[in-house]
> 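Have a look at this one.
Because the structure is predicted, anything quoted here is derived from the model rather than measured. These values consider heavy atoms only, across backbone and side chains, with no hydrogens, waters or symmetry-generated copies. Numbers restart at 1 for each chain; the letters A, B, ... are given by sequence-line order, proteins then strands.
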There are 2 protein chains.
Amino acid sequence: MPALNAISTSLKVSKGETLFLEGDDARHAFNVVNGHLRLARVGIDGRRQVMGFVSTGDFVGHTRKEAYTISAEALTDVTVCRFDRGAFEDLLVRFPMFEREFHKLTAGMLDDMQDQLFTLGRKNALERVASFLLAFVERQEEIQCSGHELWLPMTRADIADFLGLTLETVSRAFSRLKNDGILEIEQAHTIRILDREGLTDLASGDAETV
Amino acid sequence: MPALNAISTSLKVSKGETLFLEGDDARHAFNVVNGHLRLARVGIDGRRQVMGFVSTGDFVGHTRKEAYTISAEALTDVTVCRFDRGAFEDLLVRFPMFEREFHKLTAGMLDDMQDQLFTLGRKNALERVASFLLAFVERQEEIQCSGHELWLPMTRADIADFLGLTLETVSRAFSRLKNDGILEIEQAHTIRILDREGLTDLASGDAETV
DNA sequence: CGGCAACTTGATTCTCTTCAAGGTTCGTGG
DNA sequence: CCACGAACCTTGAAGAGAATCAAGTTGCCG
């Protein structure tokens with residue numbers, strides 16, 4: 001850990017700025033200290049796929065390739081630790097324990113992505129939004145105890161591009177969840193989960209199709 | 001490599017049999033020597049998502065979790081090397097070089113899965129099938145030089161569950177590709193790619209929308 | 001207070017799914 | 001060797017769900 005600190009630089013990124021861009025020379029890796037980022041890839045004709053959202057404690061930016069394959073944009077003001085790529089990989093070599101931990105992290109991401117593949121491949125709009133919200137809550141609870149009320153740092157369009165939907169469809173799904181008594185929507189970005197079990201059932205595609 | 005051989009057992013699995021099942025105790029990892037396998041997860045209500053297809057040279061079955069999160073079924077007769085999980089992880093610790101290689105492999109899988117997320121999230125049926133075919137060809141070419149003619153070990157239903165479509169839609173996409181002069185379909189499982197550039201354009205969503 | 005970006009909601013369109021029928025291939029047993 | 005059945009594939013027609021198009025509304029920031 002001290003060795004980790006030795007090669008890292010603290011860095012602040014303001015809301016709306018990009019930490020790195022798809023195609024940039026992948027010279028650094030980052031660890032998020034604080035705030036939220038959106039990871040996305042944009043296709044030739046402008047279609048955007050959001051690959052994920054990251055926040056406190058997550059690693060981003062390390063890749064095998066020369067260039068970043070995705071872009072990372074700050075959804076809020078963000079603080080990150082920046083590592084020189086070479087120094088970071090050096091560190092992995094020098095501390096096998098650390099390398100193992102890091103590998104574990106990567107493997108965990110693989111599992112998450114499998115869940116996401118299932119979501120995109122086999123769930124309908126409502127189930128996708130439910131899955132997203134559930135995953136987001138669970139992630140928040142890892143970081144800090146939150147009392148069922150949560151703040152979403154991303155827009156409906158971000159969620160849509162994450163779930164393979166349009167922003168209108170996402171908005172409709174939120175409204176539906178509200179009307180069904182599963183959510184309470186204070187403001188678009190501040191919601192409260194009223195019926196977590198209902199949300200879980202929806203997310204797993206377990207709900208009796210109403 | 002000799003150390004690798006020391007802990008491995010050769011194993012044959014017949015077409016249609018499963019190498020391991022979702023939920024099974026994850027006691028082994030495998031390296032495919034020969035043949036094709038389908039990796040899939042099945043949801044509560046029977047919805048199936050095929051996570052990928054693997055063949056010669058691919059590793060499968062290693063996971064952080066106690067149990068396998070997916071099932072692996074043989075699409076053809078298959079030969080694999082089986083490793084005891086503990087011994088395998090032991091090996092990773094003893095040979096850092098090997099661990100690094102393995103990690104590289106995992107990272108490569110992450111990149112592949114990002115492509116797949118984009119495909120499921122943002123491409124239409126025709127583009128998905130084109131992407132699948134292209135990826136399959138490229139994979140085949142890694143293994144062995146093949147002259148544009150290729151044999152698909154999986155059924156239309158397998159492809160459909162991989163791409164988040166129905167088997168009918170996949171079949172229609174194949175027909176469309178045939179009519180557009182991009183493919184030649186000898187038999188359902190034996191096809192020839194006539195217009196690779198056209199296929200590439202379609203796969204990347206680059207095609208002038210006809 | 002004004003302007004803009006984001007969100008919601010409605011109407012219409014389009015793609016893919018669902019349902020249905022017929023065709024092909026292949027293996028098995030008579 | 002041929003007949004038969006099962007599994008798989010193709011194609012068509014109808015229907016559902018999400019996309020698109022189009023207003024309005026809300027809330028935030030200068």
> Contact class for A/L167 (heavy atom, under 4.0 Å): base, sugar-phosphate, or nothing?
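Touches a base.
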> On DNA chain D, check which nucleotide each of B/V170 and A/G164 is closest to and give me the residue with the more 5' one.
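It is B/V170, whose closest nucleotide lies nearer the 5' terminus.
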> Using only modelled atom types and a 3.5 angstrom limit, is any donor from either the side chain of B/E168 or the base of D/dC9 paired with an acceptor on the other?
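No such pair is found, so the answer is no.
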> Indicate, with a heavy-atom threshold strictly under 4.0 Å, whether A/S171 touches base, sugar-phosphate, or nothing.
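Touches a base.
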> Could you give the CZ-to-P distance, from A/R38 to C/dA6, as a whole number of Å?
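Spelled out: CZ on A/R38 to P on C/dA6 is 10 Å.
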> Parallel, tilted or perpendicular: which one describes the rings of B/F59 and B/F88, with boundaries at 30° and 60°?
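Taking B/F88 first and then B/F59, their aromatic rings sit tilted (interplane angle of 30° to 60°).
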> Please state how far atom CZ in B/R128 lies from atom C1' in C/dT15, giving the value in whole angstrom units.
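After rounding, the reported distance stands at 11 Å.
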> Measure across A/R122 and B/R47 and return the closest heavy-atom pair with its distance rounded to 0.1 Å.
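It is O-NH1, 2.8 Å.
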> Whole-Å distance between C/dC7 P and A/E186 CD?
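Checked: the CD to P distance equals 16 Å.
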> Do A/L11 and A/T79 make a side-chain contact, defined as non-hydrogen atoms from C-beta onward lying under 4.5 Å apart?
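A/L11 does not reach A/T79 side chain to side chain.
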> In terms of relative ring orientation, are A/F162 and A/F132 parallel, tilted or perpendicular, with 30° and 60° separating the classes?
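It falls in the perpendicular class, over 60°.
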> Just compare D/dC9, C/dC19, D/dC21 and give me whichever is closest to any side-chain atom of B/A188.
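Given the options D/dC9, C/dC19, D/dC21, the side chain of B/A188 is closest to D/dC9.
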> Go nucleotide by nucleotide along DNA chain C from the 5' end; which of A/S175 and B/K123 gets its closest nucleotide reached first?
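The residue mapped nearer the 5' terminus is A/S175.
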> Classify the ring geometry between A/H36 and A/W151 as parallel (under 30°), tilted (30 to 60°) or perpendicular (over 60°).
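If you compare the ring of A/H36 with that of A/W151, the planes turn out perpendicular.
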> Less than 4.0 angstrom between a side-chain N/O of A/H189 and OP1 or OP2 of D/dC28, yes or no?
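No, outside the criterion.
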> Round to a whole Å and report the spacing from NZ of B/K178 to P of D/dC9.
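That distance rounds to 14 Å.
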> Ignoring the backbone of A/T155, work out which of D/dT11, C/dC7, C/dT9 is nearest its side chain.
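Selected nucleotide (nearest to the side chain): C/dC7.
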> For B/I191 and D/dT10, what is the distance between atoms CD1 and C1' respectively, to the nearest whole Å?
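Rounded to the whole Å, the gap is 16 Å.
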> What nucleotide, of D/dT20, D/dT10, C/dT18, holds the atom closest to the side chain of B/R172?
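So the side chain of B/R172 is nearest to C/dT18.
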> Just call it for B/Q187: base, sugar-phosphate, or nothing, with non-hydrogen atoms closer than 4.0 Å on any strand.
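Counting heavy atoms under 4.0 Å across all strands, the contact made by B/Q187 is with sugar-phosphate only.
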> Send over the distance from B/N124 CG to D/dT20 P, rounded to a whole Å.
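Going from B/N124 (CG) to D/dT20 (P), I get 11 Å.
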> Send over the distance from B/I159 CD1 to D/dC9 C1', rounded to a whole Å.
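To the nearest whole Å, that distance equals 11 Å.
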> So, OP1 or OP2 of D/dA19: does either fall under 4.0 Å of a side-chain N or O from A/T169?
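Yes, A/T169 has a side-chain N/O under 4.0 Å of OP1/OP2 on D/dA19.
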> Send over the distance from B/K15 NZ to D/dA7 P, rounded to a whole Å.
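Rounded to whole Å, this separation is 13 Å.
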> Choose from D/dT20, C/dC26, C/dT17 the nucleotide whose nearest atom is closest to any side-chain atom of B/L165.
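Nucleotide nearest to B/L165's side chain: C/dT17.
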